[in-house]
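As the structure lists them, so they are numbered: ligands from 1, and atoms in each ligand from 1.
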Amino acid sequence: MYTTGAAMLEALQEAGVEYLFVNLGSDHTALMEAIARAQAEGRAVPKIITAPHEMVALSAAHGFAQMSGRAQGVIVHVECGTQSLAGAIHNAAKGRIPVFIFAGTSPATQEGEARGSRNEFIHWIQDVFDQRGIVRGYMRYDNEIRVGANVKQLVHRALQFAYSDPKGPVYLMAAREVMEQQVTPVTTDLAQWPRMSPAALRTEDAALVARLLAESHRPLIVTSYVGRNHAAVAELVHLCRRIGAGVLESVPNYCNFPSDDPLYQGNQWNEQRQHPALADADTILVVDSDVPWIPQINRPSANARIIHIDVDPLKQQMPLWYIGARHIFRADAATALKQVNEQLDGVALDATRVRERASHYAQQHAQRQKELDRLETGEADRITPEFLTACVRRAIGEDAVVLSEGVTNFPAIADHSGRRKPGTMFVSGGGSLGWNGGAAVGMKLAQPHLLIVALTGDGSYMFSMPSTVHWMARRYATPFLHVVYNNGGWKAPRYSTLAVHPQGQASRTADLGISFDPPPDYAGIAAAAGGAHAEIVRKPQEVAPALERALRAVREERRCAVVDAWLPR
Ligand SMILES: Cc1ncc(C[n+]2csc(CCOP(=O)(O)OP(=O)(O)O)c2C)c(N)n1
Ligand SMILES: [Mg+2]
């Protein structure tokens with residue numbers, strides 16, 4: 001018996017999908033039968049990872065793809081499971097994460113007209129008019145498998161969208177009878193389903209960018225995600241060093257530039273102040289950034305020349321977007337930066353000028369570093385986020401991978417975690433909290449030999465479904481270190497309110513409905529769900545020994561460790 005479900009499974013295996021993160025239901029009978037059959041007959045299929053919550057399933061696929069570049073499968077139950085993917089859909093779409101999602105639909109017949117026809121009460125209740133509509137607006141591609149005959153072609157077409165810039169999630173759905181249809185096996189030639197080649201600059205445009213940067217007095221690069229492609233980082237470093245350009249990370253979701261390089265000018269998030277490097281620059285190359293600055297607070301000088309290179313410079317998913325760029329190019333960053341570097345080979349650079357620029361930035365860098373060093377000495381009786389992050393940095397080594405969902409502590413984590421190498425720092429790229437736990441599991445699956453360290457706000461720890469995450473981490477042997485920046489609840493909404501109403505009633509109100517008092521036992525949740533090693537630290541001197549014990553649990557006992565660190569409230 002070879003069904004549409006069996007053919008879909010075969011297509012995913014052929015396409016190189018290694019894992020299916022599944023949350024199964026009555027719509028998946030054909031798939032479950034096909035998986036069981038393949039396993040019994042010794043045929044390779046993607047490994048099945050049981051995900052007790054869909055949001056964690058998709059976050060795990062998200063983390064896996066961030067780490068490896070490879071799209072995985074997420075299988076969810078009809079419209080209910082699709083809804084339960086929740087904000088992870090937003091994160092994958094906004095973060096440009098390739099992932100294949102499949103959901104069944106209720107059977108389309110009720111009198112046994114075809115195998116799979118309705119035989120459970122839930123099939124009436126779960127029948128809705130527009131299941132794809134739930135995710136439309138977030139998917140790069142969505143479609144219904146209407147007949148089984150060409151399901152493999154649909155899978156490969158969907159993955160082609162997922163992998164093409166701007167990358168993102170794709171969604172297929174099918175009625176149970178369609179998945180149960182007997183089909184004739186189809187051979188697909190994967191050579192005829194290639195990934196799209198990355199877009200390049202026209203030669204004259206690469207020459208223009210090279211000339212504008214070379215001629216500028218104070219060139220600055222602003223980026224958020226060039227680091228998703230390690231080759232782009234190497235090109236960026238080369239470019240900056242040869243012309244003496246500074247680099248400012250804005251809301252970085254990857255490690256984009258070595259943070260100890262003298263040209264590195266730091267990172268910005270929601271700080272309510274002007275960044276001096278942005279104000280001083282006369283030529284700014286924005287490359288791979290969704291929010292290069294927040295103009296109401298922090299902007300380039302009025303006569304700065306702005307150049308914008310991005311795989312999606314129109315930001316087609318964002319209704320309002322402009323940055324005043326005079327030159328806009330749709331291109332892949334690694335390709336474009338390499339082209340600009342090649343053009344610079346033909347430009348006679350003024351060595352004195354390059355030296356002056358580099359030494360200006362080096363001076364700013366050193367000053368910033370001094371301030372950061374001062375901050376991380378911390379306080380005598382309270383664990384500051386800067387101190388905590390510095391302790392984590394010293395404990396984990398430079399190859400460890402840090403995931404940050406620190407929210408108001410995004411800056412402290414970016415500044416003090418000391419990540420220098422591409423692929424050692426990740427933020428979700430979206431705005432729906434709760435990515436960190438599932439993503440850590442996915443990253444560990446993608447790179448089992450690396451130490452994975454998830455740093456999360458207490459709110460974001462709760463958003464991430466820690467019971468599901470830590471159950472999965474034990475079940476699938478993906479131990480990681482989880483550190484909770486416990487500041488007593490949601491700090492960000494208070495900051496947001498104070499930024500708009502600095503003298504308002506809220507500024508004098510203690511209880512704004514944002515505190516988690518009394519706090520849950522965060523580490524205890526993970527211990528109960530997945531046997532995690534649990535630590536609570538309240539004093540600065542307790543931090544380093546607790547991290548040491550936690551890392552021993554992760555490395556030697558191969559189990560997760562959660563360190564709940566009490567920060568100032
Ligand atoms: C799914 C989701 N719900 C709500 C929000 C709104 N929100 C933004 S920040 C924040 C608080 C996060 O708390 P925590 O992780 O503890 O970080 P803190 O603000 O305390 O630094 C909330 C609720 C969101 N971004 N995503
Ligand atoms: Mg918090």
Side-chain angles (χ1 to χ4, degrees), residues 53-59 62 83-95 97 134-135 138 251 253 267-272 290-291 294 318 382-389 392 402-417 426-440 453-466 468-469 482-500 506 510-523 525-526 536-538 562-569:
H53 198 288
E54 292 85 348
M55 202 265 309
V56 181
L58 183 48
S59 299
H62 185 142
Q83 304 254 23
S84 256
L85 289 167
I89 294 174
H90 156 108
N91 288 336
K94 299 294 175 176
I97 301 301
I134 298 166
V135 295
Y138 294 91
V251 201
N253 48 336
N267 51 82
Q268 60 187 18
W269 303 78
N270 280 334
E271 297 84 352
Q272 304 289 305
D290 286 329
V291 189
I294 299 171
M318 296 189 203
R382 303 195 308 172
I383 301 172
T384 66
E386 294 81 6
F387 171 83
L388 172 63
T389 311
V392 170
V402 171
L403 288 75
S404 170
E405 202 157 41
V407 192
T408 58
N409 290 311
F410 275 133
I413 292 170
D415 283 340
H416 299 276
S417 62
F426 297 95
V427 173
S428 77
S432 193
L433 297 174
W435 152 90
N436 73 88
V453 180
L455 308 182
T456 174
D458 46 353
S460 297
Y461 181 80
M462 295 290 269
F463 276 124
S464 87
M465 308 265 170
T468 289
V469 165
H482 216 165
V483 180
V484 181
Y485 283 56
N486 179 350
N487 56 9
W490 303 331
K491 204 167 184 179
R494 179 182 292 279
Y495 282 10
S496 303
T497 306
L498 294 186
V500 179
D511 182 5
L512 289 177
I514 56 178
S515 94
F516 287 0
D517 194 26
D521 175 4
Y522 296 115
I525 294 170
I536 299 180
V537 290
R538 296 186 179 84
V562 179
V563 178
D564 172 3
W566 284 41
L567 307 178
R569 295 290 181 257

Side chain to side chain contact (heavy atoms under 4.5 Å, CB included) between V563 and V484, worked out: CA-CA 6 Å; V563 178; V484 181; over 6 Å; no
Could you walk me through whether F410 and S404 satisfy the side chain to side chain contact (heavy atoms under 4.5 Å, CB included) test, starting with their C-alpha distance in whole Å, then the side-chain angles of each, then the deciding distance to 0.1 Å, before giving a yes or no? CA-CA 7 Å; F410 275 133; S404 170; 3.4 Å; yes
The test is side chain to side chain contact (heavy atoms under 4.5 Å, CB included); show your working for T408 and W269 and say whether it passes. CA-CA 9 Å; T408 58; W269 303 78; over 6 Å; no
Run H482 and Y461 through ring-ring contact (aromatic ring centres under 6.0 Å, His included) and show every step you take. CA-CA 9 Å; H482 216 165; Y461 181 80; 5.0 Å; yes
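Judged purely by distance below 3.5 Å, without hydrogens or angles, the side chains of Y485 and S460 never pair a donor atom with an acceptor atom. Neither side chain, S432 nor N91, offers a donor N or O lying under 3.5 Å from an acceptor on the other.
Close approach of ligand 1 to S460 (heavy-atom distance below 4.0 Å) involves ligand atoms 14 (P), 15 (O). Listed by number with element, the atoms of ligand 1 under 4.0 angstrom from any heavy atom of G459 are 13 (O), 14 (P), 15 (O), 16 (O). Applying the 4.0 Å criterion to heavy atoms of G406 picks out, from ligand 1, the atoms 21 (O). Ligand-side atoms of ligand 1 in range of G431: 24 (C), 25 (N), 26 (N), range being under 4.0 angstrom from any heavy atom. Atoms of ligand 1 lying under 4.0 Å from any heavy atom of K491, numbered from 1 in the order shown and given with element: 18 (P), 19 (O), 20 (O).
Scanning both residues, R494 and A510, for their nearest heavy atoms gives NH2-O, 2.8 Å. Contact between G438 and V469 at its shortest, heavy atoms only, is N-CG2, 3.6 Å.
Proximity of G489 to ligand 1 is established by a heavy-atom distance of less than 4.0 Å. Residue contacts with ligand 1 leave out S496, since none of its heavy atoms falls under 4.0 Å from the ligand.
When heavy-atom distances to ligand 1 are checked against a 4.0 Å cut-off, N487 comes that close only through its side chain, counted from C-beta outward. Counting heavy atoms closer than 4.0 Å to ligand 1, residue F463 contributes side-chain atoms (C-beta onward) but none from N, CA, C or O.
Separating the CD atom in E405 from the OG1 atom in T456 is a distance of 5.5 Å, to the nearest 0.5 Å. If you take CD1 on I514 and NZ on K491, they are separated by 10.0 Å, rounding to the nearest 0.5 Å. The CG atom of L388 sits 7.5 Å away from atom CG of L455, with the distance rounded to the nearest 0.5 Å. Rounded to the nearest 0.5 angstrom, I134 CD1 and I89 CD1 are separated by 8.0 Å.
When only interatomic distances are considered, the shortest N/O to N/O separation between S432 and ligand 1 does not fall below 3.5 Å. Annotation: T408 places an N or O atom under 3.5 Å from an N or O atom of ligand 1; distance criterion only. For ligand 1, none of its N or O atoms has an N or O atom of N409 under 3.5 Å away. For L433, a nitrogen or oxygen atom sits less than 3.5 Å from a nitrogen or oxygen atom of ligand 1, counting backbone and side chain alike.
Atom 9 (S) of ligand 1 has its closest protein heavy atom at A492 CB, 3.4 Å. Scanning all protein heavy atoms for the shortest distance to atom 17 (O) of ligand 1 gives V407 CB, 3.3 Å. For atom 23 (C) of ligand 1, the closest heavy atom belonging to the protein is W490 CD2, 3.8 Å.
If you look at W490 and F516, their ring centroids are closer than 6.0 Å.
With R538 contributing its side chain and I536 its backbone, the two residues share no donor-acceptor pair below 3.5 Å.
Shown here are the protein N/O/S atoms lying under 2.8 Å from the Mg ion (ligand 2), water excluded: D458 OD1, N487 OD1, G489 O.
Protein heavy atoms are found inside the 4.0 Å sphere centred on atom 4 (C) of ligand 1.
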